[in-house]
Engineer: 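Pasting in a structure now, in structure tokens, and then I'll have a few things to ask.
Lettering follows sequence order; numbering is per chain, from 1. Remember, it's a predicted structure, so these values are computed and weren't measured experimentally.
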Amino acid sequence: MFFQILEDLSPISLDEYNTNILTLGIITIEELENCYTTFGFSELTVSECKNNTRQIHGAIEIYEDYHFSILTGMERKHIIRLMDRIAIFIKENLFLIVTIEDTNNSIQNDLFESLKHQNLSKTSLERLIYSFLERFIYDNYKILEKIEIEISSHEDKINDNRLSRDFNHEITRIQKKLLLLDNYYEQLAVLGEELEENAIDIFKEENLRYFKLFTERVTRLSTHTRMLKDYLVHVKDSYHAQLDYNLNNIMKMFTVVTTIFLPLTLIVGWYGMNFSYMPELSWKYGYLFVIILSILVAIICILYFKKKKFL
Amino acid sequence: MFFQILEDLSPISLDEYNTNILTLGIITIEELENCYTTFGFSELTVSECKNNTRQIHGAIEIYEDYHFSILTGMERKHIIRLMDRIAIFIKENLFLIVTIEDTNNSIQNDLFESLKHQNLSKTSLERLIYSFLERFIYDNYKILEKIEIEISSHEDKINDNRLSRDFNHEITRIQKKLLLLDNYYEQLAVLGEELEENAIDIFKEENLRYFKLFTERVTRLSTHTRMLKDYLVHVKDSYHAQLDYNLNNIMKMFTVVTTIFLPLTLIVGWYGMNFSYMPELSWKYGYLFVIILSILVAIICILYFKKKKFL
Amino acid sequence: MFFQILEDLSPISLDEYNTNILTLGIITIEELENCYTTFGFSELTVSECKNNTRQIHGAIEIYEDYHFSILTGMERKHIIRLMDRIAIFIKENLFLIVTIEDTNNSIQNDLFESLKHQNLSKTSLERLIYSFLERFIYDNYKILEKIEIEISSHEDKINDNRLSRDFNHEITRIQKKLLLLDNYYEQLAVLGEELEENAIDIFKEENLRYFKLFTERVTRLSTHTRMLKDYLVHVKDSYHAQLDYNLNNIMKMFTVVTTIFLPLTLIVGWYGMNFSYMPELSWKYGYLFVIILSILVAIICILYFKKKKFL
Amino acid sequence: MFFQILEDLSPISLDEYNTNILTLGIITIEELENCYTTFGFSELTVSECKNNTRQIHGAIEIYEDYHFSILTGMERKHIIRLMDRIAIFIKENLFLIVTIEDTNNSIQNDLFESLKHQNLSKTSLERLIYSFLERFIYDNYKILEKIEIEISSHEDKINDNRLSRDFNHEITRIQKKLLLLDNYYEQLAVLGEELEENAIDIFKEENLRYFKLFTERVTRLSTHTRMLKDYLVHVKDSYHAQLDYNLNNIMKMFTVVTTIFLPLTLIVGWYGMNFSYMPELSWKYGYLFVIILSILVAIICILYFKKKKFL
Amino acid sequence: MFFQILEDLSPISLDEYNTNILTLGIITIEELENCYTTFGFSELTVSECKNNTRQIHGAIEIYEDYHFSILTGMERKHIIRLMDRIAIFIKENLFLIVTIEDTNNSIQNDLFESLKHQNLSKTSLERLIYSFLERFIYDNYKILEKIEIEISSHEDKINDNRLSRDFNHEITRIQKKLLLLDNYYEQLAVLGEELEENAIDIFKEENLRYFKLFTERVTRLSTHTRMLKDYLVHVKDSYHAQLDYNLNNIMKMFTVVTTIFLPLTLIVGWYGMNFSYMPELSWKYGYLFVIILSILVAIICILYFKKKKFL
Ligand SMILES: [Mg+2]
Ligand SMILES: [Mg+2]
Ligand SMILES: [Mg+2]
Ligand SMILES: [Mg+2]
Ligand SMILES: [Mg+2]
Ligand SMILES: [Mg+2]
Ligand SMILES: [Mg+2]
Ligand SMILES: [Mg+2]
Ligand SMILES: [Mg+2]
Ligand SMILES: [Mg+2]
Ligand SMILES: [Mg+2]
Ligand SMILES: [Mg+2]
Ligand SMILES: [Mg+2]
Ligand SMILES: [Mg+2]
Ligand SMILES: [Mg+2]
Ligand SMILES: [Mg+2]
Ligand SMILES: [Mg+2]
Ligand SMILES: [Mg+2]
Ligand SMILES: [Mg+2]
Ligand SMILES: [Mg+2]
Ligand SMILES: [Mg+2]
Ligand SMILES: [Mg+2]
Ligand SMILES: [Mg+2]
Ligand SMILES: [Mg+2]
Ligand SMILES: [Mg+2]
Ligand SMILES: [Mg+2]
Ligand SMILES: [Mg+2]
Ligand SMILES: [Mg+2]
Ligand SMILES: [Mg+2]
Ligand SMILES: [Mg+2]
């Protein structure tokens with residue numbers, strides 16, 4: 001779909017495309033293949049859109065009279081995999097979005113939502129792009145907050161010594177997610193800075209501040225992501241230390257148990273010997289003596305470990 | 001509340017606002033909503049003030065003729081959570097503070113305290129801002145010193161081997177606090193540098209040094225925070241090593257105890273066997289022999305472990 | 001082999017070399033030794049080509065009127081060792097490739113493949129170089145993806161607690177590979193930037209963007225490599241934590257087993273003592289009492305460990 | 001004390017101070033409070049000198065016509081705490097040192113020592129400052145060398161497996177010291193660079209190289225400090241690995257001891273059973289058989305562990 | 001020894017020194033003390049040459065009309081300690097080498113070797129310096145390769161589980177060596193960059209590329225050194241993980257052994273009890289029953305551990 005933006009949004013066909021009127025497009029790869037020559041886009045950009053190998057890293061490239069970029073957005077519900085893959089072409093008076101992957105149609109919704117928040121009779125190419133990109137990262141703060149809560153709940157589990165079998169797995173999963181996010185924001189920041197630079201001179205100087213605003217917001221998301229990375233490292237360290245602390249406690253307890261029983265076992269073994277001459281065995285108070293001795297040994301061991309802070 | 005600053009501080013109503021006279025304001029979000037159009041502030045800034053999602057990271061943005069920033073200060077008593085959230089607007093001849101969150105009225109106190117330390121008849125916009133921000137971070141050195149003492153007391157605990165159950169938890173809590181502080185000072189430094197840059201040219205060149213002074217102070221706080229982070233990492237490493245050292249000692253002790261009792265238990269088991277022909281059992285000195293053998297075995301074990309530095 | 005590029009590729013002998021016509025060469029070291037004086041290359045560059053010591057790090061050097069560089073490519077199949085060593089000389093109207101090591105002739109294939117993708121009648125020195133270098137790193141994304149899958153499969157193994165004897169070895173092998181790749185891309189990026197700088201002024205300004213495009217692609221590969229490095233560190237940490245977690249479990253199980261059997265062994269040892277006066281031994285229900293006592297002790301131990309989360 | 005430097009050092013009173021003659025001062029805080037207005041210093045600087053909170057981080061500030069800095073030096077003997085706190089004021093033709101803390105009068109000695117090494121008739125403000133600062137860090141290399149020897153001796157202790165109880169404590173103490181030193185040199189480097197910048201234009205261009213020389217020396221000290229930090233991290237890692245290595249050896253030994261005694265104890269327990277029908281018990285060679293069996297079991301265990309490299 | 005370089009190398013005495021003719025000198029500290037005033041060198045430089053405290057870090061300083069630097073080279077055979085300490089003075093038309101420490105005369109050999117590789121009639125000050133410095137680092141690649149092989153052999157040892165007592169010690173030794181090398185190359189790079197900057201304008205612009213070439217080579221050595229540092233960290237991590245893996249295996253084996261013998265020992269202890277009424281004891285198949293029970297218990301334990309992957 002292509003739209004001319006004069007007073008309002010008016011749908012046009014490709015033939016009606018006029019380089020002097022601000023035009024917005026949202027098309028599929030198949031449509032791109034049919035029309036890229038009309039706009040003078042390089043065949044290379046089309047093949048990059050079709051190439052699915054470069055999963056995370058999009059492209060951010062400048063050609064003679066247009067910007068080309070491939071971005072991968074985050075699906076709100078499932079943030080482990082990056083989804084919503086789009087390519088954008090920016091040329092004088094043209095902002096063209098190619099939806100490479102978007103099963104739930106969220107890109108188109110984002111675009112129309114962003115259009116609602118601007119006065120279309122006074123809008124500009126820069127404002128159009130800014131509003132769309134802004135929408136693209138709109139609720140990312142909530143995503144980061146969700147991750148923060150997740151990490152925090154893991155911290156609480158460690159502090160309560162509830163270390164489940166999956167703990168380790170969970171931590172690595174979050175780290176992977178933060179790694180993806182960090183790279184994702186870095187990529188968006190590079191895009192923002194490139195647009196701000198206005199190397200091929202298709203933007204108005206006074207509107208470049210929109211791109212600066214976008215870069216600043218992405219940078220704040222990026223800083224927050226790195227803080228979460230650091231926080232997670234601290235939680236992980238705490239987990240490792242907790243495992244070591246627990247091991248020490250297990251071994252202390254084990255040592256206490258063994259050290260109490262070993263001498264007792266020796267004593268009872270001793271009086272199980274079959275020597276013909278063992279005076280204690282026939283002594284009247286022999287059995288009583290062994291009972292008292294055993295109790296004494298046990299008490300001494302316990303007192304010793306209490307002193308040693310093992311108990 | 002709005003004040004004109006001529007010779008002294010004189011309260012004015014919004015209608016009396018004169019763009020040619022240095023004006024100071026401290027208002028609530030509700031008041032901001034009523035007056036932002038008077039000052040020509042964007043609706044976006046108001047909605048950012050009301051949006052509570054972005055907890056830590058404030059905003060530092062430049063608009064056409066004013067600076068806008070959201071800052072989160074530290075409550076003196078409870079430094080784990082950042083509190084005292086404010087927004088500031090800086091325009092030619094105007095310094096406007098919006099208190100977003102401040103249950104104990106400390107922001108207003110800070111502001112009036114800062115006014116006391118300057119000669120109002122000779123003050124300037126830059127001096128006003130500087131004095132307020134300076135107050136905002138006034139006793140942060142004490143906060144850092146308190147953290148340093150806390151870390152140091154943890155270090156002492158490790159050296160005395162008093163490793164409590166909560167140790168791990170405490171360390172992570174301090175690390176989180178330092179992470180927050182580090183980001184907090186970084187944010188303030190960015191604000192200071194932005195004001196120093198004077199991009200929209202509303203400050204006098206000769207007064208920019210106030211902002212430089214502020215940036216330098218924040219940077220020193222930031223450097224100190226990072227030193228504390230490094231110190232804490234060292235203390236944490238020491239904790240981990242102490243756990244390992246203790247485990248070695250526990251296992252050494254355990255090995256000693258077991259190695260002494262195992263041969264003794266074998267000996268007494270040996271003479272508990274019921275073979276019809278076991279000459280030692282009927283030997284006159286059999287029992288004495290076992291007593292001496294047991295003592296010998298115990299002594300040899302102990303000497304061996306002494307030599308091996310296990311005891 | 002030398003080729004003049006006018007309308008098409010025409011093979012020439014060294015004598016026909018004309019500095020005014022775009023020339024492409026692909027030769028061996030032996031051929032280089034015979035012809036380097038013709039092109040005015042320094043003897044030093046020849047000896048560097050012959051010197052096999054500097055395995056990974058090639059050379060990137062600028063001489064008075066030519067660029068000289070030694071590159072080491074990756075063989076598609078076996079990516080542990082870098083292979084395909086080449087030297088390139090770039091002079092006005094000349095692009096000369098020296099194949100130092102290339103057993104499977106892949107360099108020459110790459111070169112001719114790259115020529116197919118350009119219109120030779122409109123090509124330029126810059127385009128020639130770009131197309132060749134682009135080919136040189138063409139399928140590197142697949143290599144990185146293969147490594148990512150490998151790391152990911154190791155992560156799965158940890159999560160399923162299938163820790164084989166070779167795990168450790170595998171991790172170090174991948175780390176080494178990523179270390180090589182990181183340096184390799186850094187080197188290519190340096191080359192790209194140097195060509196873009198055009199210090200000796202042999203390229204046309206308008207064609208420098210080819211080198212920028214190359215640098216950007218290499219940088220994306222480099223960023224991806226570093227992400228994989230971080231990912232692998234996370235997986236390694238997870239492996240270490242898993243080992244510690246397993247050790248805790250082993251020791252818990254061990255403690256449980258020992259703590260159940262030690263008191264039982266004491267009890268049976270107790271009634272194996274040979275005192276003449278032990279009333280329980282001749283008590284009618286003595287044996288029954290020991291049976292019940294043993295079962296009780298075992299149950300209490302098991303309940304205790306259940307409560308302590310050891311079982 | 002104030003001195004005019006013309007041909008030689010001549011003590012003057014404050015009243016004789018002449019802004020056209022090179023003047024050197026070394027005074028206490030009390031004296032500063034009496035004279036700061038004479039020199040036009042801000043009241044803020046005096047209060048900073050009196051404020052003892054900012055222990056490590058001094059101040060490095062530029063005012064309209066003077067530099068102000070607070071430095072904390074190292075006492076030669078006791079290098080754990082930074083001591084010798086001074087403030088310096090640098091104005092055209094004036095170098096003023098305020099001794100804030102200096103129990104052993106070392107600052108004054110340093111100053112006079114530094115004066116001895118320059119030709120006073122040809123000296124300059126820059127030379128005066130340089131010579132004093134140079135003295136201030138004069139024997140810091142010896143301090144670093146002492147730390148290096150200390151770390152090295154700890155390394156030797158690890159290699160000889162002499163791991164004392166205080167090891168951990170010692171390491172953290174040295175790390176803290178290096179952290180302080182690192183920050184200390186960073187501070188001095190910032191001062192040196194600031195003086196070199198000559199922002200308020202009170203130094204002669206041709207003499208700025210003195211400050212560059214100072215900065216270079218401080219940077220070398222700083223680089224050496226960081227190398228020591230890295231070295232200490234290596235030694236610490238080695239300590240951790242040694243603890244783990246020792247634990248493995250303890251557990252190997254323990255496993256060997258237990259595995260030898262457990263089957264023997266089973267054997268002797270076996271023939272301690274009281275079954276009425278146990279043919280071995282009445283067998284003529286029963287006892288001999290058990291003796292030989294026990295020896296065989298012990299030998300087989302030992303051979304097994306030899307093969308497994310446990311012994 | 002001093003030499004004038006016109007057509008060839010001609011030895012001269014100090015009196016014949018002519019500032020207009022390219023002069024090369026190689027002298028001892030004692031000779032320097034006699035002649036430094038002739039060249040106008042500062043007394044400070046002489047005292048720095050004599051001062052032996054600053055072992056690793058040489059000096060790199062610029063004076064009014066000469067460069068001064070102290071360098072410490074690596075002896076080919078023994079690379080743990082840096083040796084071959086020299087000072088160099090570079091002035092217009094003068095390159096002066098002072099050999100501070102060089103027991104095997106290698107510096108002088110290097111110098112004459114470097115002279116052989118240049119056409120003395122066409123040489124220049126820059127070429128002279130470059131050739132000498134190039135010689136100074138000539139075979140450093142071999143040194144790095146030797147270290148790489150050493151690390152690699154340690155990696156193999158870990159993979160084969162041949163962890164000797166000295167492993168730890170060896171790793172720290174190599175890390176120390178790489179730390180020294182890293183600093184060493186950084187120093188040389190600083191020297192190269194300083195010469196390239198030509199701050200005191202004593203070099204010809206067109207010859208500055210010699211210094212650039214030197215800096216580039218040193219940087220490549222430095223990059224390689226850092227790669228080796230990273231590699232060694234990976235190998236060290238692998239060693240730590242191997243220790244933990246081994247400990248797990250030891251404890252698994254130990255748990256298996258104990259868990260098999262404990263129930264057996266309980267059984268035989270059980271039938272060693274002396275109750276007057278124990279029906280099994282007089283049961284005809286009692287002994288057979290215990291034999292079968294013991295075998296069953298052992299088999300069940302072994303099957304259980306096989307299932308748990310302990311065996
Ligand atoms: Mg990133
Ligand atoms: Mg950051
Ligand atoms: Mg950094
Ligand atoms: Mg951070
Ligand atoms: Mg951190
Ligand atoms: Mg651990
Ligand atoms: Mg931050
Ligand atoms: Mg930070
Ligand atoms: Mg810092
Ligand atoms: Mg620091
Ligand atoms: Mg550190
Ligand atoms: Mg450990
Ligand atoms: Mg790298
Ligand atoms: Mg590299
Ligand atoms: Mg990156
Ligand atoms: Mg990254
Ligand atoms: Mg990371
Ligand atoms: Mg571990
Ligand atoms: Mg610092
Ligand atoms: Mg530092
Ligand atoms: Mg350094
Ligand atoms: Mg270093
Ligand atoms: Mg290191
Ligand atoms: Mg260094
Ligand atoms: Mg370094
Ligand atoms: Mg590097
Ligand atoms: Mg770096
Ligand atoms: Mg590297
Ligand atoms: Mg690495
Ligand atoms: Mg370990």
Side-chain angles (χ1 to χ4, degrees), chain B residues 139 141-142 144-145 148 152 155-156 158-161 206 209 212-213 216-217 220-221 223-224 226-228 230-231 233-235 237-242 244-245 247-249 251-252 254-255 258-259 261-263 265-280 308-310, chain D residues 51 53-64 161-163 165-169 171-172 175-176 179-180 182-183 186-187 236 239-240 243-244 246-247 250-251 253-254 257-258 260-262 264-265 267-275 278 280-288 290 294:
Chain B
D139 47 12
Y141 252 102
K142 283 181 198 150
L144 292 180
E145 225 166 48
E148 191 168 352
S152 185
E155 195 195 343
D156 292 343
I158 296 169
N159 294 333
D160 301 349
N161 216 348
E206 69 264 33
R209 66 192 166 88
K212 199 182 175 199
L213 231 66
E216 271 168 5
R217 278 170 199 208
R220 266 183 263 148
L221 286 168
T223 302
H224 199 149
R226 279 172 206 181
M227 235 184 79
L228 289 180
D230 281 356
Y231 180 22
V233 167
H234 298 334
V235 169
D237 283 358
S238 178
Y239 173 60
H240 288 188
Q242 194 60 45
D244 282 8
Y245 185 81
L247 185 61
N248 275 16
N249 282 343
M251 294 322 297
K252 276 183 185 173
F254 184 56
T255 303
T258 312
T259 311
F261 280 100
L262 278 181
T265 305
L266 179 65
I267 290 169
V268 302
W270 188 268
Y271 292 109
M273 288 193 293
N274 299 320
F275 285 100
S276 15
Y277 175 70
M278 279 185 74
E280 299 96 321
K308 277 265 185 179
K309 298 258 159 78
F310 272 48
Chain D
N51 177 3
T53 316
R54 312 191 180 174
Q55 288 192 339
I56 305 161
H57 298 277
I60 298 175
E61 288 165 2
I62 309 184
Y63 288 82
E64 247 162 289
N161 216 349
R162 290 180 284 120
L163 308 176
R165 171 70 189 78
D166 285 332
F167 199 91
N168 218 357
H169 182 22
I171 298 280
T172 315
Q175 279 186 316
K176 215 163 154 183
L179 211 57
L180 279 180
D182 194 9
N183 270 279
E186 205 175 297
Q187 218 182 110
K236 212 162 78 168
Y239 173 60
H240 288 188
L243 285 179
D244 282 7
N246 287 347
L247 184 61
I250 295 170
M251 293 321 297
M253 187 194 144
F254 184 57
V257 167
T258 312
I260 291 174
F261 281 99
L262 277 180
L264 296 181
T265 305
I267 290 169
V268 302
W270 188 267
Y271 293 107
M273 289 194 293
N274 298 320
F275 285 100
M278 279 184 74
E280 298 97 320
L281 290 182
S282 48
W283 183 32
K284 200 178 163 187
Y285 301 108
Y287 189 44
L288 193 68
V290 163
S294 299

Engineer: Please rank G269(B), A241(B), G272(B) by heavy-atom pairs under 4.5 Å with chain D and give me the top one.
Structural biologist: A241(B)

Engineer: What part of I171(D) is in contact with chain B, defined as an atom under 4.5 angstrom from a non-hydrogen atom: side chain, backbone, both or neither?
Structural biologist: neither

Engineer: Among L243(D), V257(D), T265(D), which residue has the highest count of heavy-atom pairs closer than 4.5 Å to chain B?
Structural biologist: L243(D)

Engineer: Checking F254(B) now: which residues fulfil ring pair (Phe, Tyr, Trp, His ring centres under 6.0 Å) with it, not counting sequence neighbours?
Structural biologist: F254(A), F254(D)

Engineer: Against chain B, label Y239(D) side chain, backbone, both or neither, depending on which of its atoms sit under 4.5 Å from a heavy atom there.
Structural biologist: side chain

Engineer: Taking every non-hydrogen pair under 4.5 Å, which of Q242(B), M251(B), K309(B) racks up the most with chain D?
Structural biologist: Q242(B)

Engineer: Give, for atom CG of D156(B) and atom NE2 of H169(D), the distance between the pair rounded to the nearest 0.5 Å.
Structural biologist: 7.5 Å

Engineer: Under 4.5 Å, counting heavy-atom pairs only, tell me which of Y285(D), F261(D), Y287(D) racks up the most with chain B.
Structural biologist: Y287(D)

Engineer: Examine whether an atom of E216(B) lies under 4.5 Å from a heavy atom of chain D, and if so say whether it belongs to the side chain, the backbone or both; otherwise answer neither.
Structural biologist: side chain

Engineer: Heavy-atom distance under 4.5 Å to chain D: side chain of E206(B), backbone, both or neither?
Structural biologist: neither

Engineer: Could you tell me which residues satisfy ring pair (Phe, Tyr, Trp, His ring centres under 6.0 Å) with F275(B), sequence neighbours excluded, listed by chain and number?
Structural biologist: Y271(D)

Engineer: Could you look at M278(D) and say if it's the side chain, the backbone, both or neither that has a heavy atom under 4.5 Å from chain B?
Structural biologist: neither

Engineer: Would you say K284(D) and Y277(B) are linked by a side-chain donor-acceptor pair, where the criterion is simply a distance under 3.5 Å?
Structural biologist: no

Engineer: Quick check on D237(B) against chain D: is it the side chain, the backbone, both or neither that has a heavy atom closer than 4.5 Å?
Structural biologist: both

Engineer: So how far is it from E280(D) CD to N274(B) CG, rounded to the nearest 0.5 Å?
Structural biologist: 12.0 Å

Engineer: If you count heavy-atom pairs under 4.5 Å between each of D166(D), I260(D), I250(D) and chain B, which one has the most?
Structural biologist: I250(D)

Engineer: For the residue pair I267(D) and S294(D), what are the closest heavy atoms and their distance?
Structural biologist: CG2-OG, 4.4 Å

Engineer: Can you measure from CD (Q187(D)) to CZ (R220(B)) and round to the nearest 0.5 angstrom?
Structural biologist: 8.5 Å

Engineer: If you measure from CG on D182(D) to CE on M227(B), what distance do you get to the nearest 0.5 Å?
Structural biologist: 9.5 Å

